[in-house]
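Data first, discussion second: the structure below is written as structure tokens.
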Amino acid sequence: MPMAEDATGPATPQVQRLQDRLLGWYEACRRDLPWRRTRDPYAIWVSEIMLQQTRVETVIPYYERFLSRFPDVLSLAEAKPDDVLAAWSGLGYYRRARLLHEGAKSVAASGGEVPSNREGLLDVPGIGRYTAGAVASIAFGEPVGLVDGNVARVLARLFALTDDMRKPAGQRRAERVADAIVARSDPGAWNQALMELGATVCTPRAPKCEACPVAESCRARAEGRAEALPVMSAKAEPTLQRVQSLVAIDGDRVLLARRTHERTFGGLWEPPSADGPAKAKAALAALFPLGRVRKVGRVEHVLSHRRLVVDVHRAELTARATAIPAGYDAVRLASRADLATVGIATLARKVLGTAGVLEA
Ligand code: SF4
């Protein structure tokens with residue numbers, strides 16, 4: 001198929017055929033997902049933020065709970081940060097929740113209406129090109145494309161794009177193609193169809209070309225190099241970071257500290273920790289009135305650019321703890337019931353499990 005980004009005005013016959021086939025397939029085969037049953041721009045915005053770097057099956061219960069807790073943009077805008085993070089607790093990439101909250105506050109301050117086109121959406125804090133394209137096309141029917149990892153792969157294969165999709169130039173190229181081939185008849189369905197094809201048929205490895213509804217339009221398939229595309233430069237290896245974590249127990253409660261907002265996991269509660277090798281534990285422990293400190297295990301956790309190796313220590317508190325360690329802005333004692341309702345990252349849950357406070 002000719003290079004789609006050169007297309008302007010009405011779709012070429014080839015692009016029209018591609019659109020008809022893909023939209024027909026999507027209508028017949030699409031998965032029934034909760035955010036596909038609505039045109040509410042706020043709900044679609046929430047779903048798209050949650051879906052970034054997170055699997056569909058994981059997102060569904062979070063999406064449903066989040067929307068029943070914060071059913072519209074104003075309720076989210078008025079929520080306390082602690083409550084937003086608690087609703088996100090366990091979903092990971094907490095910066096997304098903070099930015100979604102900031103975005104809702106910004107929309108509320110501007111009158112409470114989610115902007116109805118891509119340009120307006122891009123002015124909302126935390127909304128980037130992908131999310132703006134998704135909300136604009138799905139909720140408002142604006143004929144704009146979008147590019148996530150699935151769409152980049154599908155476009156690279158359909159049009160044999162050899163740009164590096166991890167580089168900004170490759171992303172921009174894919175965005176130009178996505179904008180050029182968007183189906184004006186139903187831009188939201190079209191964008192979701194491209195994502196669905198990438199998620200279920202045009203998979204990173206072993207794409208199911210025999211079952212692909214657009215195989216006849218696919219240059220990579222015709223040239224026998226579907227699996228060689230897209231070109232992706234190697235990701236940098238995650239760097240190793242050692243952390244010392246202190247689980248301080250007071251009867252049936254545990255000491256938690258809240259991370260300052262600018263840090264990874266900012267705003268979330270956890271047993272206090274200090275970055276560094278084993279000796280960092282001594283400085284941390286010295287802040288609190290503790291009995292004997294015992295190392296009880298080790299936890300590993302991989303973030304996008306870092307591999308955290310966390311030594312877990314446990315001790316009894318012998319008096320009230322009032323110190324707030326560096327990197328935190330509050331401390332509290334939490335009961336088991338509290339642990340179910342405050343914002344706690346998965347890593348902190350692993351630490352608490354290793355120390356015997358939560359089920360490991
Ligand atoms: S034919 Fe194969 S490579 Fe091309 S879009 Fe379909 S699944 Fe992907």
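Just follow the structure's listing: the first ligand is 1, and inside any ligand the first atom is 1.
- In this structure, Leu229 shares a hydrophobic cluster with Val231, the cluster being traced through Ile, Leu, Val, Met, Phe, Trp and Tyr side chains under 4.5 angstrom apart.
- Under the ring pair (Phe, Tyr, Trp, His ring centres under 6.0 Å) criterion, Tyr130 pairs with no residue at all, not counting sequence neighbours.
- Sorted by chain and number, the protein atoms of type N, O or S within less than 2.8 Å of atom 2 (Fe) of ligand 1 are Cys209 SG.
- The environment of CD in Glu237 is sparse: at most 12 heavy-atom neighbours from other residues, nucleotides or ligands sit within 6.0 Å.
- A salt bridge links Lys105 with Glu102: at least one charged nitrogen is closer than 4.0 Å to a carboxylate oxygen.
- Residue Leu287 shares its hydrophobic cluster (ILVMFWY side chains chained together at separations under 4.5 Å) with Leu246, Leu255, Leu284, Phe288, Leu290, Val293, Leu317, Ile324, Tyr328, Val331, Leu333.
- Taking the six-membered ring where tryptophan is involved, the planes of His301 and Phe265 are tilted, since the angle between them lies from 30° to 60°.
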